[in-house]
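Notes follow once the structure below has been shown.
We count ligands from 1, going down the list as the structure has it; atoms in each ligand are counted the same way. Below, all heavy atoms of this structure are taken into account, side chains as well, without hydrogens, waters or symmetry copies. Small disclaimer: the values here were computed from a predicted structure and weren't measured.
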Amino acid sequence: MNEKFDVIVIGAGPGGYVAAIRCAQLGLKTACIDDWVNKENKPSPGGTCLNVGCIPSKAMIESSEQYEKAQHELAIHGINIRGVKLDLATLLARKDSVVNELTSGVAALLAANRVTFIHGRGKLLANKEVEVGEKRFSASNIIIATGSSPSALKGVAYDGKTIVDSTGALAFDKVPKRLCVIGTGVIGLELGSVWRRLGSEVFMLKSSNTFLPMADQSIAKEALKTFSEQGLDIRMGAKIKDVTVVRGKAVIEYDDSKGSHQEKVDKIIVAVGRQPNTHDLIADEVGIAIDKRGFISVDDKCRTAVDGIYAIGDIVRGPMLAHKASEEGVMVAELINGEFAQIDLESIPSVIYTSPEIAWVGKTEQALKQEGTDYTIGTFPFAANGRARALGETKGLIKIIAHAKTDRILGVHIIGPQASETVAQAKIAMEMGASSEDIALTVFAHPTLSEALHEAALSVHDRAIHVVQPKRKK
Ligand code: FAD
Ligand code: NAI
């Protein structure tokens with residue numbers, strides 16, 4: 001007889017392991033199947049996010065920022081250090097140990113919650129049976145959370161050495177002298193910035209002519225200016241014609257509005273999006289539709305066409321973000337338990353961990369314009385914020401967009417220091433249906449970066465204190 005569970009979760013990324021823990025908390029007999037192995041060939045739950053995504057990239061972002069500070073920014077504080085040297089092997093080992101601590105933590109959490117962890121590749125069969133190697137398991141409910149993998153660019157084959165995806169870009173054994181990044185999305189900007197800080201000369205190619213199309217365009221404009229000043233050479237409208245590897249170097253040919261170009265580089269990182277892991281995952285008899293791009297079709301509650309089978313995270317519509325996957329996991333666990341649960345995909349916060357960081361929640365100005373909603377804008381520059389001055393991080397601004405009639409906050413867009421933390425305050429306010437006046441009436445501690453949010457809210461009604469506001473007629 002197959003072992004039978006209340007719930008089987010396939011995938012132990014931030015979608016799957018969180019869903020499994022929540023199911024177990026609710027008293028459901030739960031199994032979680034995952035096939036990830038680490039360098040030592042050991043199971044390593046946590047998915048893309050913990051193993052080769054959010055966590056290792058942020059560990060390297062932190063190290064590279066410290067290196068840049070030690071080289072160029074400490075002298076202004078009167079701290080003079082000579083002979084700053086990069087030990088890349090130690091930097092990478094630290095990153096690996098942060099990953100190991102967290103993946104072991106997930107394994108421990110699953111065990112402590114009495115989730116049965118099954119290592120291996122799962123395939124969903126008819127009647128809610130899952131095959132893992134020679135074994136079969138069954139459950140009353142299935143949650144598919146198999147995540148995504150880097151997309152390939154036609155004509156540019158990964159070789160794992162000279163032409164790499166985001167995973168390869170987390171493990172170069174020496175700093176490439178010249179680095180080309182194809183794609184100026186989230187991964188390209190975060191990892192391109194890491195290697196620039198560590199000493200690479202970086203240029204980035206992007207096929208379209210709009211920089212960060214998903215961000216508010218006034219923030220994107222500021223970001224493009226800042227990153228270019230930092231030395232990221234961002235070339236837009238580039239159509240890649242050919243890439244070849246000759247004696248360990250890559251030669252890349254592309255066309256843009258200025259003509260044809262050829263560049264020789266030490267490494268190429270391709271970061272042109274990710275595709276869902278749904279290949280050979282579900283037997284035809286199950287009856288679950290997978291669309292042309294490989295995504296599983298679900299409704300707003302992550303229900304597939306088959307009763308009791310759910311899909312969450314990167315394999316379904318919506319942003320490919322860890323916190324979105326986790327929230328869907330919690331929602332589905334509670335739905336299975338017969339509770340009411342929902343998630344608002346329109347207001348998932350986004351963060352790009354560049355320096356300065358970019359973060360937003362809610363609608364962009366261009367989206368509001370397009371839908372014809374009347375709005376009012378308040379902005380505040382970090383250059384006028386005392387804490388930002390003390391930190392020496394004065395680039396950027398906060399922009400709040402409020403409904404013209406009701407004053408309800410529709411979107412908050414930030415580029416600046418610790419934007420990833422400040423956006424959480426905006427998200428809480430929006431979750432509670434706050435108006436810009438609600439934030440304006442709130443007392444913020446001084447001196448904090450959060451005061452910039454307060455001032456941006458005041459500025460919606462032209463009453464910010466630390467920037468000159470337009471004069472009103474009496
Ligand atoms: P995944 O994390 O991909 O997990 C899926 C798991 O299922 C994997 O372990 C996989 O091996 C396993 N699996 C697949 N098929 C099977 C099968 N048939 N049987 C068993 N197991 C299977 N998001 C953020 O929110 N913030 C960030 O800062 C951030 N940084 C990122 C940086 C990089 C470099 C990358 C690549 C991604 C980043 N992301 C970030 C995106 C984030 O990693 C994903 O959105 C998130 O991991 C999706 O979670 P998931 O649970 O859907 O899938
Ligand atoms: P992306 O969708 O963010 O960016 C893809 C980039 O590739 C765009 O700039 C696009 O114009 C470009 N591109 C596409 N086709 C191209 C071509 N043929 N030639 C040149 N350029 C081309 O995808 P990315 O950066 O790979 O990241 C994947 C996902 O991972 C993100 O969408 C995000 O959801 C997630 N992620 C999130 C992070 C975060 O939350 N901080 C960090 C890293 C990844």
Side-chain angles (χ1 to χ4, degrees), residues 9-19 32-37 43-58 60-61 103 106 118-124 130-132 143-156 165-167 169-170 181-192 194 204-214 234-240 254 269-282 311-316 318-326 328-329 348-354 357-359 420:
V9 184
I10 311 177
Y17 86 74
V18 169
C32 184
I33 303 169
D34 191 86
D35 64 354
W36 201 288
V37 287
S44 186
T48 304
C49 172
L50 269 62
N51 286 288
V52 294
C54 324
I55 298 302
S57 60
K58 267 77 243 177
M60 289 178 72
I61 285 167
T103 52
V106 168
I118 300 163
H119 179 67
R121 189 176 166 74
K123 178 161 181 173
L124 182 59
V130 183
E131 181 184 72
V132 184
I143 305 174
I144 311 171
T146 49
S148 65
S149 306
S151 301
L153 190 59
K154 216 171 147 217
V156 185
D165 58 17
S166 57
T167 302
L170 295 169
V181 182
I182 304 180
T184 62
V186 195
I187 293 181
L189 287 171
E190 289 187 3
L191 296 183
V194 163
M204 307 182 69
L205 300 178
K206 173 178 178 38
S207 49
S208 74
N209 279 310
T210 315
F211 186 63
L212 292 178
M214 64 292 202
I234 297 168
R235 307 177 189 174
M236 295 199 276
K239 304 273 172 278
I240 289 147
Y254 68 93
I269 302 173
V270 180
V272 291
R274 295 178 60 81
Q275 61 191 28
N277 293 329
T278 45
H279 179 69
D280 197 27
L281 171 69
I282 303 172
I312 60 170
D314 282 8
I315 45 158
V316 300
M320 286 182 156
L321 295 172
H323 41 287
K324 176 261 191 184
S326 299
E328 286 182 334
I348 305 281
S350 290
V351 179
I352 308 178
Y353 294 83
T354 40
E357 292 178 346
I358 299 168
S420 54

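Closest to atom 10 (C) of ligand 2, if we only count protein heavy atoms, is Lys206 NZ, 3.9 Å. Regarding atom 19 (N) of ligand 2, its nearest protein heavy-atom neighbour is Ser207 CB, 3.6 Å. What sits closest to atom 9 (O) of ligand 2 on the protein, heavy atoms only, is Thr184 N, 3.0 Å. Regarding atom 39 (C) of ligand 2, its nearest protein heavy-atom neighbour is Val351 O, 3.4 Å. Of the protein's non-hydrogen atoms, the one nearest atom 13 (N) of ligand 2 is Val272 CG1, 3.6 Å.
The closest non-hydrogen atom to atom 6 (C) of ligand 2, taken over Ala271, Pro349, Gly188, comes from Ala271. Of the listed residues (Gly183, Ala359, Gly53), the one carrying the non-hydrogen atom nearest atom 7 (O) of ligand 2 is Gly183.
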**OP:** Could you give me the CA-CA distance, side-chain angles and deciding distance for Leu189 and Leu212, then say whether side chain to side chain contact (heavy atoms under 4.5 Å, CB included) is met?
**Re:** CA-CA 10 Å; Leu189 287 171; Leu212 292 178; 3.8 Å; yes

Original post:
Val9 and Tyr17: side chain to side chain contact (heavy atoms under 4.5 Å, CB included), yes or no, with the steps?
Top reply: CA-CA 8 Å; Val9 184; Tyr17 86 74; over 6 Å; no

Original post:
Can you list the steps and then say if Ser57 with Leu191 is a side chain to side chain contact (heavy atoms under 4.5 Å, CB included)?
Top reply: CA-CA 7 Å; Ser57 60; Leu191 296 183; 4.1 Å; yes

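The shortest N/O to N/O separation between Val186 and ligand 2 falls below 3.5 Å. Some N or O of Met320 is nearer than 3.5 Å to an N or O of ligand 2, by distance alone. Checking only distances, Ile187 does come within under 3.5 Å of ligand 2, N or O to N or O.
At least one heavy atom of Gly273 sits less than 4.0 Å from an atom of ligand 2.
If you take CE on Met236 and CG on Asn209, they are separated by 6.5 Å, rounding to the nearest 0.5 Å. Taking SG of Cys49 as the start and CD1 of Ile55 as the end, the distance is 5.0 Å to the nearest 0.5 Å. From Leu170, atom CG reaches atom CG of Asp165 across 9.0 Å, with rounding to the nearest 0.5 Å. In this structure, NE2 on His119 lies 9.5 Å from OG on Ser44, to the nearest 0.5 angstrom. Residue Glu328 holds its CD atom at 9.0 Å from CD1 of Ile315, rounded to the nearest 0.5 Å.
Every atom of ligand 2 with a heavy atom of Arg274 under 4.0 Å away is listed here by number and element: 28 (C), 29 (C), 30 (O). Proximity to Glu190 (heavy-atom distance under 4.0 Å) selects the following atoms of ligand 2: 39 (C), 41 (N), 42 (C). Atoms of ligand 2 lying under 4.0 Å from any heavy atom of Tyr353, numbered from 1 in the order shown and given with element: 41 (N). Of all the atoms in ligand 2, the ones that sit under 4.0 Å from a non-hydrogen atom of Leu153 are 17 (C), 18 (N). For ligand 2 and Gly185, the ligand atoms under 4.0 Å from any heavy atom of the residue are 3 (O), 4 (O), 6 (C), 8 (C), 9 (O), 25 (O). Short contacts between ligand 2 and Leu321, defined as distances under 4.0 Å to a heavy atom of the residue, involve ligand atoms 34 (O), 37 (C), 40 (O).
Inter-residue side-chain proximity for Glu190 and Met60 is flagged as unmet; no heavy-atom pair is nearer than 4.5 Å. Using a 4.5 Å heavy-atom threshold, the side chains of Gln275 and Ser148 count as separate. Residues His323 and Ile348 meet the side-chain proximity criterion, which asks for heavy atoms closer than 4.5 Å.
Listed by chain and number, the residues in a side-chain contact (heavy atoms from CB on, under 4.5 Å) with Val130 are Ile8, Ile10, Ile33, Leu124, Val132, Ile142 (sequence neighbours excluded). Asn277 is linked by a side-chain contact (heavy atoms from CB on, under 4.5 Å) to Thr146, Ser149, counting only residues two or more places apart in sequence or in another chain. When the side-chain contact (heavy atoms from CB on, under 4.5 Å) test is applied to Glu131, the partners found at least two apart in sequence or on another chain are Lys123, Leu125, Arg136.
Protein non-hydrogen atoms do reach within 4.0 Å of atom 21 (N) of ligand 2.
Evaluated for a side-chain contact (heavy atoms from CB on, under 4.5 Å) with Lys206, the options Val272, Val181, Thr184 yield exactly one hit, Thr184.
Near ligand 1, heavy-atom contacts under 4.0 Å come from Ile10, Gly11, Ala12, Gly13, Pro14, Gly15, Gly16, Ile33, Asp34, Asp35, Trp36, Gly47, Thr48, Cys49, Val52, Gly53, Cys54, Ser57, Lys58, Gly120, Arg121, Gly122, Ala145, Thr146, Gly147, Ser148, Ser166, Ile187, Arg274, Leu281, Gly313, Asp314, Met320, Leu321, Ala322, His323, Ala325, Tyr353.
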